[in-house]
Asks: 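Sharing a structure with you now.
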Amino acid sequence: MRIFLLLLHASLVVAPGAALSSEPFPVVVSTWPFVEAVRAAWRVVTAGFSAIDAVVDGCSTCEELRCDGTVGPGGSPDENGETTLDALLMNGSTMEVGAVAAMRFVKDGIKAAKLVMEHTEHTLIVGEMASIFAISMGLHGPSNLSSPESLEKWIRWKRNSCQPNFRKNVIPTNSCGPYYLSDAASTLAKKSLGELGKNFPEYNMLVASKANYIPVGHLYHDTISMAVIDKAGRIAVGTSTNGATFKIPGRVGDGPIAGSSAYADDEVGACGATGDGDIMMRFLPCYQVVESMRRGMEPKLAAADAISRIARKYPNFVGAIFALNKNGVHAGACHGWTFQYSVRTSSMKEVEVFTVEP
Ligand code: ASP
């Protein structure tokens, strides 16, 4: 099939005036209406560059534009007010992956991921060591990744007693840390109560087992997850995000996890995801989508199936997926929010945004 498509492509190139609309490649798909990112990737891939180059350019554009305030620097402050980046790049021809997670002080997430993929034998480098690696390989830094907006958001959160947050089964529940295990705190409290010989019924009110759940709406967290099929039918995917707002420092989301936020295999197709990464990474939904398509599922069904596997266990999770098969057929599925994804193919005059209802 691949050989047939390559021949088809070649014949279209040599046939003067052949309608490009019958040409299945290139294709660019991205989560959300990140139209400028898709345009950038489209320019690169139609100029004859590889799917990898197009994904890197597309995701870099989003990082520079700070898409939705949740890609690139300047967004999603963690509990300390710092912005850190997660990014991934995957080559669906070779199955090589490069990724960085919780990377500090470097603005170029996807370029750092490319350096990991192309200049190391590793797959994932994290934290400050990822920053040192990226800078040593020529990326700009160390830079301050905060912005006036991210700092203002963080100050408001501090003033609101650090609510909401991602802690659970700890005390205190309604104020900023330091936080303690509720069980250990209980033991300590009982000990001190014994020593004081007093009754302390109010203590029970402090021991909480319920998380201060973060309202995970659109704009609280987002990822650019992009898939490109280039003129030769090669597929690449990439992601970039600054994660979840008020995350615990050191938290890594699904963004840099291959098979979770994105996955690609030239033999089958690709997938991109966005949403509550802490939950989604437990299911590797993009690996699931690609493997379901390999076994014959249409993209629409494969995407819906991957989402429903998560929803069965976590009915309140918020997330979305797009699936793209190697023939350029795409579809989306979502849960808990309305999802939009952007597509550019030869048969479109402009980037088109598709809306998927939960
Ligand atoms: N999945 C990302 C994360 O959890 C955020 C998002 O895509 O909404 O870090």
Side-chain angles (χ1 to χ4, degrees), residues 29-34 37 58-59 62-63 66-79 82-88 90 99-104 109-110 113 124 126-127 130 145 150 153 164-166 211 213-227 237-263 271-289 303 306-307 310-311 314 316-322 332-342 356 358:
V29 182
S30 170
T31 49
W32 304 117
F34 295 152
C59 292
C62 235
E63 288 168 357
R66 304 180 176 191
C67 288
D68 278 359
T70 59
V71 180
S76 304
D78 66 14
E79 284 187 350
E82 184 179 352
T83 299
T84 55
L85 305 186
D86 291 345
L88 167 141
M90 179 168 191
V100 289
M103 184 172 69
R104 313 174 75 186
I110 194 74
L124 174 61
V126 306
L145 301 195
S150 67
K153 199 182 251 186
N165 61 49
F166 284 97
Y213 189 66
I214 295 278
V216 279
H218 180 49
L219 298 186
Y220 232 83
H221 59 106
D222 275 340
T223 300
I224 179 164
S225 184
M226 175 177 275
V237 287
T239 70
S240 184
T241 180
N242 49 38
T245 306
F246 312 130
K247 60 190 175 186
I248 297 169
R251 179 262 191 187
V252 172
D254 58 336
I257 309 297
S260 189
S261 63
Y263 199 67
C271 165
T274 179
D276 185 346
D278 293 303
I279 289 172
M280 293 175 84
M281 71 162 84
R282 300 170 191 173
F283 295 82
L284 296 180
C286 276
Y287 178 79
Q288 182 66 53
V289 163
I307 287 288
I310 308 173
Y314 291 94
N316 297 325
F317 102 102
V318 169
I321 276 180
F322 71 76
C334 58
H335 185 84
W337 59 6
T338 298
F339 175 49
Q340 290 188 302
Y341 68 99
S342 309
V356 186

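Every number for a ligand or one of its atoms is a count from 1 in the order of the listing. Values below: every heavy atom of this structure, side chains too, minus hydrogens, waters and symmetry copies. What you see is a predicted model; the values in this text were computed from it and never measured.
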Asks: Name the option, out of G275, A244, G253, that contains the heavy atom nearest to atom 5 (C) of ligand 1.
Replies: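 Considering heavy atoms of G275, A244, G253, the nearest to atom 5 (C) of ligand 1 sits in G275.
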Asks: Find out whether W32 and V71 are in side-chain contact, i.e. whether some heavy atom of one side chain is under 4.5 Å from a heavy atom of the other.
Replies: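 Counting from C-beta outward, W32 and V71 never come under 4.5 Å.
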Asks: Is the closest side-chain heavy-atom distance between S260 and P285 below 4.5 Å?
Replies: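 Yes. Closest side-chain heavy atoms under 4.5 Å.
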Asks: Checking side chain to side chain donor-acceptor pair (under 3.5 Å) between K247 and each of T84, D278, D78, which is the one that passes?
Replies: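 Result for side chain to side chain donor-acceptor pair (under 3.5 Å) with K247: T84.
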Asks: Might you point out which heavy atoms bring A262 and L88 nearest each other, and give the distance in Å?
Replies: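 Nearest pair, atom of A262 first, then L88: CB-CD2, 4.1 Å.
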Asks: Going by distance only, is there an N or O of D222 that falls short of 3.5 Å from an N or O of ligand 1?
Replies: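 Yes; at least one N/O pair falls below 3.5 Å.
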Asks: Taking the side chain as C-beta and beyond, is there a heavy-atom pair between I257 and L284 under 4.5 Å?
Replies: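 Yes, their side chains come closer than 4.5 Å.
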Asks: Would you check the N or O atoms of T223, main chain and side chain alike, for any that come under 3.5 Å of an N or O of ligand 1?
Replies: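 Min N/O separation from ligand 1 is below 3.5 Å for T223.
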Asks: Mark up the atoms of ligand 1 that fall under 4.0 Å of a heavy atom belonging to T274, in ascending order.
Replies: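 Within the 4.0 Å cut-off of T274, ligand 1 contributes 6 (C), 7 (O), 8 (O).
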Asks: Just jot down the ligand 1 atoms closer than 4.0 angstrom to any heavy atom of D254, in number order.
Replies: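 That gives atoms 1 (N), 2 (C), 3 (C), 4 (O), 9 (O) of ligand 1.
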Asks: Can you establish whether the number of heavy atoms outside Y287 located under 6.0 Å from its atom OH is more than 12?
Replies: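 No, not enclosed.
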Asks: Just jot down the ligand 1 atoms closer than 4.0 angstrom to any heavy atom of G243, in number order.
Replies: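 Those qualifying, in numeric order: 9 (O).
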Asks: Any N or O of R251 that comes nearer than 3.5 Å to an N or O of ligand 1?
Replies: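 By distance alone, the answer is yes.
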